[in-house]
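The basis for the numbers below is simple: all heavy atoms, side chains too, and nothing from hydrogens, waters or symmetry mates.
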Amino acid sequence: MALSGEKRPPPPVAASGGTRRKLILALFVSLSALFYKQIQPPPPKIPGSPGGPPVTATRTRLSDGRYLAYLESGVPKEEAKYKIIFVHGFDSCRYDALPISMELVQELGIYLLSFDRPGYAESDPHPGRTEKSVALDIAELADNLQLGPKFYLAGFSMGGEITWSCLKHIPHRLSGVAILGPVGNYWWPGLPANVSREAWYQQLAQDRWAVWVAHHLPWLTHWWNTQKVFPASSVIAYNPALLSEEDKLVIQKFAHRAYMPQIRPQGEHECLHRDMMVGFGRWSWSPLQLEDPFAGGGRGNKVHLLHGAEDRIVPASLSRHISGKLPWVVYHELPTSGHLFPIADGMADAIARSLLLGEDDDGPQPARDP
């Protein structure tokens, strides 16, 4: 019993509808902020900056202030008869240039230039990177190194996709092009739905999801490929299920490269994830809309497209369809090859001869073990 004059505490009051809405909103905002923080990629570790990887490569400064690291090989460019710029693929760098033999380099007089694409190894990142910006980087790189008005171009995998962009944006700079196992964008304008669907379902399910996120929700790409709840990209994880029988014979050359720790020092987002965001992003055009850049040119001025029929990483069906619609593309489908055919014994020389000399009657073929 309360003492006389004692004040009792007021009874609890049920939260009003307005109060509940405010609590729910506050909880939603808090969770959203937490999720936003979780999905943000870490800032890139810019080469030469505090906390970033050291600069050991030869680099050139572009007009926007970024630096590209590059590697020259072959004969001196002043003496070269042929100058080739090589565009490396996914999870690679300047050291992954086409392995043309020294014998052929000397025989034909080949100068080979490879470079780290933005965000890879020792080239500065480009947060605004697009398919067009990489093509313009290549043209500026050629100018900075004084390669002359024209050069040959070769690109592999994701670098092969970029060569399509070079044919779109800098065709006047090209003497000939070799497109090797190029990544295809399933949403390219003009690509028939049945063709896109066929290629789409040749991927592993987890890769379909990773590519879907990169296209539709690019801001979620980093989180998707680093979270542990769902299977992320099997390409990033080096899933052996992606290897064809011929790939298994050469995978040691690729998977155990001594310089692998130098490929991703800036963080996965600026190289691997941004590659996916650009490669599978929303393009305003497609290779199907390109015109022959070498109409009326000589025998060596051609676009060669090579793809392994057993490629389990990049389905050959997109390349097959595109080449069928572009009669000026010389298509070589390698019947037993997988994705890694450019590093098979003898293939680089065969590709170089095809690109530079027009030796394409039967198409390059990988060397076979006795």
Side-chain angles (χ1 to χ4, degrees), residues 44 62-64 66 68 85-94 96 114-120 123-143 151 153-174 177-191 196 199-200 210-219 221-222 233 235 268-293 303 305 307 313-315 318-319 321-323 325-326 329:
L62 302 179
S63 57
D64 64 1
R66 289 180 296 115
L68 284 186
I85 296 181
F86 183 81
V87 190
H88 70 74
F90 193 73
D91 205 11
S92 301
C93 68
R94 64 189 182 278
D96 291 299
S114 57
F115 66 101
D116 295 332
R117 292 195 284 106
Y120 277 99
S123 284
D124 288 345
H126 188 185
R129 174 154 57 111
T130 65
E131 48 79 24
K132 181 177 181 180
S133 71
V134 183
L136 299 182
D137 283 353
I138 291 171
E140 191 170 356
L141 174 65
D143 289 339
F151 49 85
L153 185 70
F156 170 54
S157 193
M158 194 67 78
E161 185 183 45
I162 290 170
T163 58
W164 288 122
S165 186
C166 292
L167 285 164
K168 166 71 173 178
H169 299 295
I170 57 168
H172 58 289
R173 303 299 305 271
L174 307 176
V177 178
I179 308 175
L180 313 174
V183 168
N185 188 318
Y186 304 95
W187 296 272
W188 270 332
L191 193 64
S196 179
W200 178 259
V211 169
W212 188 94
V213 168
H215 179 80
H216 292 285
L217 304 171
W219 48 272
T221 302
H222 170 74
S233 168
V235 179
E268 290 187 9
H269 183 68
E270 285 304 325
C271 52
L272 306 186
H273 303 160
R274 202 169 292 281
D275 249 5
M276 296 176 68
M277 293 160 62
V278 173
F280 300 113
R282 300 179 185 276
W283 293 35
S284 62
W285 61 277
S286 85
L288 292 165
Q289 301 164 353
L290 294 175
E291 297 181 356
D292 185 359
V303 175
L305 172 56
H307 214 124
I313 297 176
V314 181
L318 293 185
S319 290
H321 178 80
I322 291 170
S323 63
K325 296 297 182 180
L326 302 178
V329 170

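Note: T163 OG1 to I138 CD1 = 8.5 Å, rounded to the nearest 0.5 Å. With rounding to the nearest 0.5 angstrom, the CG atom of L272 is 11.5 Å from the NE2 atom of H222. Annotation: the span from L141 atom CG to L62 atom CG amounts to 7.5 Å, rounded to 0.5 Å. Rounded to the nearest 0.5 angstrom, E268 CD and S233 OG are separated by 9.5 Å. Between the CE atom of M277 and the CG atom of L217 there is a distance of 11.0 Å, given to the nearest 0.5 Å. Note: I179 CD1 to L305 CG = 5.5 Å, rounded to the nearest 0.5 Å.
Nearest heavy atoms, L326 versus L290: CD2-O, 3.9 Å. Closest heavy-atom contact between D116 and L68: O-CD2, 3.7 Å. The minimum heavy-atom distance between S196 and L318, with the atom names listed, is CA-CD2, 4.5 Å. The two atoms that bring I170 and A139 nearest to each other are CG2-CB, 4.0 Å, heavy atoms only. Closest of all the heavy-atom pairs between G281 and N185 is O-ND2, 2.9 Å. Shown here for R173 and A142, the closest heavy-atom pair between the two residues is NH2-CB, 4.0 Å.
At least one side-chain heavy atom of F115 sits under 4.5 Å from a side-chain heavy atom of I85. Under the 4.5 Å side-chain criterion, counting only non-hydrogen atoms from C-beta, R117 is in contact with M158. Here the side chains of P189 and S286 are in contact, with some heavy-atom distance below 4.5 Å. Here the side chains of C166 and V177 are not in contact, with every heavy-atom distance at 4.5 Å or above. Between F90 and V183 the shortest side-chain heavy-atom distance does not fall below 4.5 Å. Contact check for T221 versus W219: no side-chain heavy atoms found under the 4.5 Å cut-off. Side-chain contact between S157 and P182: absent, with no pair of heavy atoms (C-beta onward) separated by less than 4.5 Å. Side-chain contact between S92 and Y120 is absent, with no heavy atoms from C-beta onward closer than 4.5 Å.
Counting only distance, with no hydrogens or angles, the side chain of S114 and the backbone of R94 share a donor-acceptor pair below 3.5 Å. In terms of modelled atom types and a separation under 3.5 Å, the side chain of S133 and the main chain of R129 share no donor-acceptor contact. Between the side chain of H215 and the backbone N or O of F280, at least one donor-acceptor pair lies under 3.5 Å. Between the side chain of W285 and the backbone N or O of K168, no donor-acceptor pair lies under 3.5 Å.
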Residues H307, V314; criterion side-chain contact (heavy atoms from CB on, under 4.5 Å); working and verdict: CA-CA 9 Å; H307 214 124; V314 181; 3.7 Å; yes
So L288 and L191, side-chain contact (heavy atoms from CB on, under 4.5 Å) or not? Walk me through it. CA-CA 8 Å; L288 292 165; L191 193 64; 4.1 Å; yes
Carefully, step by step, assess E131 and H169 under the rule side chain to side chain donor-acceptor pair (under 3.5 Å). CA-CA 10 Å; E131 48 79 24; H169 299 295; 3.2 Å; yes
Quick one, Q289 with W188, criterion side-chain contact (heavy atoms from CB on, under 4.5 Å). Give me CA distance, side-chain angles, the key distance, then yes/no. CA-CA 10 Å; Q289 301 164 353; W188 270 332; over 6 Å; no
V87 and F156: side-chain contact (heavy atoms from CB on, under 4.5 Å), yes or no, with the steps? CA-CA 7 Å; V87 190; F156 170 54; over 6 Å; no
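When ring centroids are compared, W200 and W187 come within the 6.0 Å threshold.
Aromatic ring orientation, H273 versus H269: perpendicular (interplanar angle above 60°, classes split at 30° and 60°).
A salt bridge links R66 with D137: at least one charged nitrogen is closer than 4.0 Å to a carboxylate oxygen.
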